[in-house]
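Position 1 is the first residue of the sequence; numbering continues from there.
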Amino acid sequence: DAVRQATDIPADQRLVIMDIGATADQNGNDAWRDNATISKRLSVTTRTVTRARAAAVAHGLLWVTRDAAGGTQPDTGW
């Protein structure tokens with residue numbers, strides 16, 4: 001519901017955020033799909049997916065965990 005109410009995020013990006021969230025486990029973890037897969041599934045550009053990820057993080061809708069070396073893990077929370 002928070003994603004739908006974030007009307008300052010364009011609709012196509014909100015769709016992407018919801019698609020990513022749909023992959024989360026029962027605890028809201030491991031919400032991850034690669035940009036190319038999302039782009040193809042939703043018929044949006046990979047740039048739209050990248051922007052959506054950034055918007056979701058900025059709004060606190062998704063968070064990205066980092067490994068001990070500071071690299072991004074493919075583990076995003078929802």
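- L15 pairs by the side chain to side chain contact (heavy atoms under 4.5 Å, CB included) definition with L42, not counting sequence neighbours.
- Every side chain to side chain contact (heavy atoms under 4.5 Å, CB included) that T46 has, sequence neighbours left out, goes to S39.
- With sequence neighbours left out, R51 forms a side chain to side chain contact (heavy atoms under 4.5 Å, CB included) with Q13, R47.
- Residues L61 and I9 are in side-chain contact: their nearest non-hydrogen atoms beyond the backbone lie under 4.5 Å apart.
- Between R41 and D19, the shortest heavy-atom contact is NH2-OD1, 2.8 Å.
- Not counting sequence neighbours, R14 has no partner by the salt bridge (Lys or Arg N to Asp or Glu O under 4.0 Å) test.
- For R4, the salt bridge (Lys or Arg N to Asp or Glu O under 4.0 Å) criterion is met by no residue, not counting sequence neighbours.
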Inset, instruction - Take I17 and H59, measure what side chain to side chain contact (heavy atoms under 4.5 Å, CB included) needs, and give me the verdict at the end. - result: CA-CA 11 Å; I17 295 165; H59 282 76; over 6 Å; no
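- I20 approaches R53 most closely through the heavy-atom pair CD1-NH1, 3.6 Å.
- Under the side-chain hydrogen bond (donor to acceptor under 3.5 Å, both in side chains) criterion, T50 pairs with N35, not counting sequence neighbours.
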